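Take a look at the structure below.
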Amino acid sequence: MCETLETTLSTVLRVPVRLTVAGRTDAGVHATGQVAHADVPASALDTRSIGGDPSRLVGRLAKMLPDDVRIKDASSVSRHFDARFSALRRHYCYRLTDAVFGPEPVVARTTAAWRRPLDVDGMNAAASALVGLNDFAAFCRRREGATTIRDLQRFEWTRDADGVLIGEVSADAFCWSMVRSLVGAVASVGDGRRDIEWCRGLLDQRERSAAVPVAEARGLCLVGVDYPPVEELAARNEITRDVRVTATDGTHECCGG
């Protein structure tokens, strides 16, 4: 999807466009609140269809992009804004059903299935044990040189009127597959196969745990990203770069993975 968006933007703006996004998403994961930035010359916006107004890209791109990709807003930002490094926290939602028949067909694309009955109170107790600044190595796929220390700020579960379990997860950043592994771990407690102490003990491990199931990609959605005021962007970038590694090529961080 990232390549599709970059190609379409390059066509519209008539300059090469490379996107940097707030958070990578595994194949099959959805995003309703993704944020991206691209550095383009001001002259690229001075076309007849854009007229120097980036917001006009929304309608133009809607006519050109496939149905499963949409741009909701576009604007010029401070030169200090970085979609990835300026972010304060990311918010994800995970939809999970333990219904015997699986997800309802109309939401099957965005709702994962769990084949055992789940206790929401047990899941919340397990989730609470993981909240805080911790090393989440047991939940992350290894990435050479990357830190696995994250500040998990919120991890809560509710069951909606249709019986679907809704997990809300927020952190300063997430490792590759971390959210899906967190879901798999607490669901294992919720279905009675594991206990809270097992879940809490995972924080003591320093490498990916084979005992942690990775929940399906389709239930996960990036729903929001928080940023500081414009005057604090430069300082935030420096703080983040001190504790994060750059993308594989050193310059580009886009969707996928």
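None of these values were measured; they are calculated from a predicted model. Scope of the values below: all heavy atoms of this structure, side chains included, with no hydrogens, waters or symmetry mates.
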Residues joined to V106 in its hydrophobic cluster, side chain to side chain under 4.5 Å directly or through other members, sorted by chain and number, are V107
Would you mind listing the cluster partners of V164? Hydrophobic ones only (ILVMFWY), side-chain contacts under 4.5 Å, chaining allowed.
-> I166
Would you sort out whether R200 and D195 count as a salt bridge (charged side-chain N to carboxylate O under 4.0 Å, His left out), showing the intermediate values?
-> CA-CA 9 Å; R200 183 181 289 112; D195 59 26; over 6 Å; no
With [X], which residues qualify under side-chain hydrogen bond (donor to acceptor under 3.5 Å, both in side chains), at least two apart?
{"X": "H30", "answer": "none"}
{"X": "S86", "answer": "N237"}
{"X": "R60", "answer": "S49"}

Looking only at non-hydrogen atoms, find the nearest pair between [X] and [Y] and report the distance.
{"X": "A74", "Y": "P54", "answer": "CB-O, 3.3 Å"}
{"X": "Y94", "Y": "E216", "answer": "OH-O, 2.7 Å"}
{"X": "L19", "Y": "A36", "answer": "CD2-CB, 4.3 Å"}
{"X": "A83", "Y": "Y227", "answer": "O-OH, 2.7 Å"}

Report the distance from atom [atom1] of [X] to atom [atom2] of [Y], rounding to the nearest 0.5 Å.
{"X": "R90", "Y": "D226", "atom1": "CZ", "atom2": "CG", "value": "10.0 Å"}
{"X": "L202", "Y": "D204", "atom1": "CG", "atom2": "CG", "value": "8.5 Å"}
{"X": "L65", "Y": "T8", "atom1": "CG", "atom2": "OG1", "value": "4.5 Å"}
{"X": "Q153", "Y": "L88", "atom1": "CD", "atom2": "CG", "value": "8.5 Å"}
{"X": "L203", "Y": "L133", "atom1": "CG", "atom2": "CG", "value": "11.0 Å"}
{"X": "H80", "Y": "E238", "atom1": "NE2", "atom2": "CD", "value": "10.0 Å"}

Set of salt bridge (charged side-chain N to carboxylate O under 4.0 Å, His left out) partners for D135, sequence neighbours left out = R206
Please name all residues satisfying salt bridge (charged side-chain N to carboxylate O under 4.0 Å, His left out) with E168, sequence neighbours left out, ordered by chain then number.
-> R154
Show your working on side-chain contact (heavy atoms from CB on, under 4.5 Å) between L165 and T158 and close with a plain yes or no.
-> CA-CA 6 Å; L165 290 99; T158 56; over 6 Å; no
[X]: what forms a side chain to side chain contact (heavy atoms under 4.5 Å, CB included) with it, not counting sequence neighbours?
{"X": "A62", "value": "R70"}
{"X": "V230", "value": "S78, L233"}
{"X": "R56", "value": "D53"}
{"X": "E207", "value": "none"}

Test Y92 against F174 for ring pair (Phe, Tyr, Trp, His ring centres under 6.0 Å), laying out the working first.
-> CA-CA 10 Å; Y92 281 87; F174 292 92; 5.2 Å; yes
Around R193, counting heavy atoms of other residues, nucleotides and ligands shown, do more than 12 lie under 6.0 Å from its CZ?
-> yes
Mind telling me whether F81 and H37 have parallel, tilted or perpendicular rings, with 30° and 60° as the class edges?
-> perpendicular
Residues L5, V17; criterion side-chain contact (heavy atoms from CB on, under 4.5 Å); working and verdict = CA-CA 9 Å; L5 184 53; V17 174; over 6 Å; no
Just so I know, are the side chains of [X] and [Y] near enough to count as touching, which here means a heavy-atom distance under 4.5 Å?
{"X": "V40", "Y": "L9", "result": "no"}
{"X": "V186", "Y": "W157", "result": "yes"}
{"X": "D191", "Y": "P117", "result": "no"}
{"X": "M123", "Y": "V183", "result": "no"}
{"X": "T11", "Y": "M64", "result": "yes"}
{"X": "F155", "Y": "L182", "result": "yes"}
{"X": "V225", "Y": "H91", "result": "no"}
{"X": "L13", "Y": "L57", "result": "yes"}

Got a donor-acceptor contact below 3.5 angstrom from the S10 side chain to the P16 backbone?
-> no
Just by distance, do the side chain of K72 and the backbone of T32 share a donor-acceptor pair under 3.5 Å?
-> yes
Between R159 and D98, does a salt bridge (charged side-chain N to carboxylate O under 4.0 Å, His left out) hold up when you go through it step by step?
-> CA-CA 11 Å; R159 193 184 287 271; D98 58 355; 3.0 Å; yes
Name the atoms and distances for all side-chain donor-acceptor pairs under 3.5 Å in residues 208-215, with sequence neighbours left out.
from : atom 1 : to   : atom 2 : distance (Å)
R208 : NH1    : A138 : O      : 3.2
R208 : NH2    : V212 : O      : 3.4
S209 : OG     : A211 : N      : 3.2

Under the side-chain contact (heavy atoms from CB on, under 4.5 Å) rule, what do S181 and W176 come out as? Steps first, then yes or no, please.
-> CA-CA 10 Å; S181 297; W176 188 11; over 6 Å; no
Report yes or no: do R95 and T111 form a side-chain donor-acceptor pair below 3.5 Å?
-> yes
Do you see a donor-acceptor pair shorter than 3.5 Å between the side chains of S170 and R89?
-> no
Is the NZ or CZ atom of R150 positioned over F136's six-membered ring, under 6.0 angstrom from the centre and within 45° of the axis?
-> no
Derivation and outcome, side-chain contact (heavy atoms from CB on, under 4.5 Å), residues T148 and F139 | CA-CA 9 Å; T148 51; F139 301 88; over 6 Å; no
